Protein chains: 2
Amino acid sequence: MEIPPVVIDRLPLYTRALSTLEEEGRDVVSSQELGTLLGVTPAQIRKDLSYFGRFGKQGRGYNVRKLLDELHHILGLDRQWRMAVIGVGKLGLAILGYEGFGPQGFRIVEAFDADPKRIGQRIENLTIRAANDLEKTLLKNPVDVGIVAVPAGIAQNVIDTLVKCGVRAILSYAPIPARVPPGVYLKRIEPVLALQSMAYYLKNSPRSTAAAARS
Amino acid sequence: MEIPPVVIDRLPLYTRALSTLEEEGRDVVSSQELGTLLGVTPAQIRKDLSYFGRFGKQGRGYNVRKLLDELHHILGLDRQWRMAVIGVGKLGLAILGYEGFGPQGFRIVEAFDADPKRIGQRIENLTIRAANDLEKTLLKNPVDVGIVAVPAGIAQNVIDTLVKCGVRAILSYAPIPARVPPGVYLKRIEPVLALQSMAYYLKNSPRSTAAAARS
DNA sequence: AAGGGTTTGTGCTCACAATTACAAACCTTC
DNA sequence: GAAGGTTTGTAATTGTGAGCACAAACCCTT
């Protein structure tokens with residue numbers, strides 16, 4: 001069965017909300033409650049989940065623990081994913097220092113930079129390698145995900161290299177419309193584009209009567 | 001006329017491609033060429049633009065300079081937008097140091113943090129203010145956009161404060177499903193969610209025969 | 001054990017966005 | 001200035017996702 005990408009994009013949201021509920025000690029949750037928690041309609045949640053099976057009980061709702069496990073399994077979050085960061089500037093540093101990846105099973109195991117002053121430095125239990133060694137290193141020690149935090153000018157080049165090394169998922173912070181071959185998955189983080197589209201609404205809404213932008 | 005949000009989200013893409021073309025000295029571009037450049041169908045581009053007017057010439061294409069000016073005007077990029085950064089940790093530092101905002105008319109004019117060691121520090125021509133003074137400062141010197149780079153636990157609180165101060169556009173880096181009242185526009189930057197949805201495809205695609213994820 | 005109150009899973013409908021397709025308009029060349 | 005080759009703008013069609021609504025299933029109380 002072919003599942004719509006929008007659905008896949010929502011599953012992590014559900015996962016996160018369920019984690020919070022579990023930490024609060026909740027046993028059961030309804031699509032209704034989950035919906036208000038996330039700003040999504042209950043029907044949407046139920047339909048999304050129904051693509052994968054029947055996880056709830058009528059009249060009761062979903063077992064938090066069980067649904068969370070199911071979603072982890074569906075998304076492939078029940079294992080560790082190895083990631084490499086390319087580019088250790090200010091942004092790369094922030095990425096290396098971010099504590100949000102590890103707990104979700106995403107571990108940064110390599111970091112690369114072209115600056116001779118950076119190469120060899122030890123940051124967050126990692127030794128920065130030379131960008132020149134990117135290909136050689138990744139071919140020997142493959143990673144699942146590449147995080148691109150280099151300037152726009154060389155980003156496509158870096159991405160091509162990653163693809164050549166068999167990396168099939170790329171998270172790019174570079175402000176370019178990068179292209180990847182079929183079978184490689186690319187997500188872009190684009191704060192400037194986000195700001196620019198919000199500017200439209202700022203400019204065109206009469207200061208109070210507008211509907212909120214979808215985030 | 002009511003324009004679909006998806007269309008608004010694509011306009012900044014067009015803007016960026018046109019900027020590149022202009023720097024290269026190109027005078028005219030067809031929807032065809034722009035499309036291949038961005039990975040979008042030509043018809044999509046033409047239709048998106050037709051919501052706002054008729055900017056092209058049959059048999060010729062679009063004048064790069066003119067279309068760029070039009071889009072700048074439509075999106076409200078022909079002015080300066082004032083932004084405040086809340087949270088000056090590693091991420092906040094990267095944001096303050098990013099050179100991609102200024103050239104697009106987005107200027108960071110205030111920065112706040114709760115850490116006494118950070119308060120008063122001078123970074124990138126800006127003096128970090130105390131988080132306690134957030135409300136007072138913004139009420140005196142309003143900003144158009146708030147950039148939230150604080151830990152998840154206090155993010156909703158910060159967002160509520162921003163809204164109270166009349167901030168109508170918020171770019172949030174906090175991993176929470178933040179809610180804002182109607183008339184306030186919120187975009188979230190969520191690298192972890194992006195990774196989690198890619199994990200699904202990594203897990204479920206047979207290593208070469210899958211279609212690329214939409215980015 | 002029966003009844004009232006919930007909540008799920010899903011067929012159906014509706015809305016809207018993407019694509020197709022083509023007439024009209026434009027440029028260039030002969 | 002006519003003809004051939006492009007490319008736009010848009011009407012019409014197709015495709016797809018979101019919302020609605022309800023039967024079936026479950027819990028709890030009496």
Side-chain angles (χ1 to χ4, degrees), chain A residues 1-11 13-14 17-18 21 26-68 70-71 74 197 200 211-215, chain B residues 1-14 17-18 21 26-68 70-71 74 177 197 200 211-215:
Chain A
M1 187 183 15
E2 202 55 55
I3 290 132
V6 262
V7 173
I8 304 300
D9 283 345
R10 276 192 296 266
L11 296 187
L13 276 175
Y14 305 157
L18 287 166
L21 287 169
R26 290 289 303 279
D27 267 7
V28 168
V29 68
S30 67
S31 60
Q32 169 75 52
E33 183 180 0
L34 207 51
T36 43
L37 222 52
L38 291 170
V40 173
T41 64
Q44 176 114 262
I45 295 177
R46 294 202 298 277
K47 192 154 206 195
D48 286 351
L49 295 177
S50 78
Y51 279 102
F52 302 95
R54 314 172 56 148
F55 307 121
K57 274 208 177 70
Q58 282 103 325
R60 197 151 165 66
Y62 299 88
N63 179 296
V64 172
R65 175 85 227 171
K66 183 181 162 230
L67 183 54
L68 191 52
E70 292 282 2
L71 285 176
I74 291 166
S197 61
Y200 171 82
R214 292 193 263 167
S215 64
Chain B
M1 185 184 15
E2 201 56 53
I3 288 131
V6 262
V7 173
I8 303 300
D9 283 345
R10 275 191 297 264
L11 296 187
L13 277 175
Y14 305 158
L18 287 165
L21 287 170
R26 291 289 303 278
D27 266 7
V28 168
V29 67
S30 68
S31 59
Q32 169 74 51
E33 184 180 359
L34 206 51
T36 43
L37 223 51
L38 290 169
V40 173
T41 66
Q44 176 113 261
I45 295 177
R46 294 203 299 275
K47 186 154 205 194
D48 286 350
L49 295 178
S50 78
Y51 279 102
F52 302 95
R54 315 172 56 150
F55 308 121
K57 275 209 177 70
Q58 282 101 326
R60 197 153 164 64
Y62 300 88
N63 179 295
V64 173
R65 174 86 225 169
K66 183 182 162 228
L67 183 54
L68 191 52
E70 291 282 1
L71 284 176
I74 290 166
S197 61
Y200 172 83
R214 291 194 265 172
S215 64

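Atom set for the values below is all heavy atoms of this structure, side chains included, hydrogens, waters and symmetry mates excluded. Note on naming: letters A, B, ... go to the chains in the order of the sequence lines (proteins, then strands), and numbering restarts at 1 for each one. What you are looking at is a predicted structure, and each value in this text was computed from that prediction instead of being measured.
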Trainee: Starting at atom CG of B/D48, determine the distance to atom P of D/dG9, rounded to an integer number of angstrom.
Mentor: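 From B/D48 CG to D/dG9 P: 12 Å.
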Trainee: Less than 4.5 Å apart, side chain to side chain, heavy atoms only: is that true for A/N63 and A/L68?
Mentor: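 No; the side chains remain at least 4.5 Å from each other.
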Trainee: Taking the side chain as everything from C-beta on, heavy atoms only, tell me whether A/Y200 gets closer than 4.5 Å to B/L11.
Mentor: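 No; the side chains remain at least 4.5 Å from each other.
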Trainee: Which atom names give the shortest non-hydrogen contact between B/V29 and B/L21, and what distance separates them?
Mentor: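 For B/V29 and B/L21, the tightest heavy-atom pair comes out as CG2-CD1, 3.7 Å.
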Trainee: Taking atom types as they are modelled, is there a donor-acceptor pair under 3.5 Å from the base of D/dT10 to the side chain of B/K47?
Mentor: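 Side chain to base: no pair below 3.5 Å.
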Trainee: With a 4.0 Å limit, can you tell me whether A/R54 has a side-chain N or O closer than that to the phosphate oxygens OP1/OP2 of D/dA25?
Mentor: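 For D/dA25, neither OP1 nor OP2 has a side-chain N or O of A/R54 closer than 4.0 Å.
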Trainee: Check whether any side-chain nitrogen or oxygen of B/Q32 sits under 4.0 Å from OP1 or OP2 of D/dT6, and answer yes or no.
Mentor: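 Negative; the distance criterion is not met.
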Trainee: Would you say the side chain of B/I3 lies within less than 4.5 Å of the side chain of B/I8, judging by non-hydrogen atoms?
Mentor: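 When only atoms from C-beta onward are counted, B/I3 and B/I8 do touch, with a gap below 4.5 Å.
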Trainee: Between atom CG in A/D27 and atom C1' in D/dC27, what is the gap in whole Å?
Mentor: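 Atom CG in A/D27 sits about 15 Å away from atom C1' in D/dC27.
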Trainee: Can you find a heavy atom in the side chain of B/Y14 that is under 4.5 Å from one in the side chain of B/D48?
Mentor: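 A side-chain contact exists here, since the closest heavy-atom pair is under 4.5 Å.
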Trainee: In terms of the nearest nucleotide of DNA chain C, which residue is placed more toward the 5' end: B/R10 or A/G61?
Mentor: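 Nearest-nucleotide comparison on DNA chain C picks A/G61.
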Trainee: Take the protein atom CD of B/Q44 and the nucleotide atom C1' of D/dT10, then report the distance between them rounded to whole Å.
Mentor: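 Nearest whole value for this atom pair: 15 Å.
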Trainee: Before accepting this row, confirm whether a basic side-chain N of the pair A/E33/A/R26 lies closer than 4.0 Å to the acidic partner's carboxylate O.
Mentor: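 A salt bridge links A/E33 with A/R26.
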Trainee: Using whole Å, what does the distance between atom P of nucleotide C/dC16 and atom OH of B/Y51 come to?
Mentor: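 Atom OH in B/Y51 sits about 10 Å away from atom P in C/dC16.
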Trainee: Just the rounded figure in Å: distance from C1' of C/dT6 to CD of A/E33.
Mentor: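 In whole Å, C/dT6 C1' and A/E33 CD are 14 Å from each other.
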Trainee: Just how far, in rounded Å, is P of C/dG9 from CZ of A/F55?
Mentor: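 Roughly 8 Å, once rounded to whole Å.
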Trainee: Check the phosphate of C/dG9 against A/Y62, side-chain N and O only, distance under 4.0 Å to OP1 or OP2. Yes or no?
Mentor: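 A/Y62 to C/dG9 OP1/OP2: side-chain N or O found under 4.0 Å.
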Trainee: Anything under 3.5 Å between a protein N or O and an N or O of nucleotides 26-30 of chain C, put it in a table, one pair a line.
Mentor:
residue : atom : partner : partner atom : Å
C/dC26  : O4'  : B/Q58   : O            : 3.3

Trainee: When the distance from CD1 of B/I45 to C1' of D/dT10 is rounded to whole Å, what number comes out?
Mentor: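 The distance from CD1 of B/I45 to C1' of D/dT10 comes to 16 Å, rounded to the nearest Å.
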Trainee: Starting at CD1 of A/I3 and ending at P of D/dG17, how long is that distance when rounded to a whole Å?
Mentor: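 From A/I3 CD1 to D/dG17 P: 11 Å.
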Trainee: According to a strict under-4.0 Å criterion, is A/R46 in side-chain N/O contact with OP1 or OP2 of D/dC20?
Mentor: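 Looking at the OP1 and OP2 atoms of D/dC20, neither is under 4.0 Å from any side-chain N or O of A/R46.
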Trainee: Is B/S31 near enough to D/dT7 that one of its side-chain N or O atoms lies under 4.0 angstrom from OP1 or OP2?
Mentor: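 Looking at the OP1 and OP2 atoms of D/dT7, neither is under 4.0 Å from any side-chain N or O of B/S31.
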Trainee: Does any non-hydrogen side-chain atom of A/R46 lie less than 4.5 Å from one of A/Y62?
Mentor: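 Yes. Closest side-chain heavy atoms under 4.5 Å.
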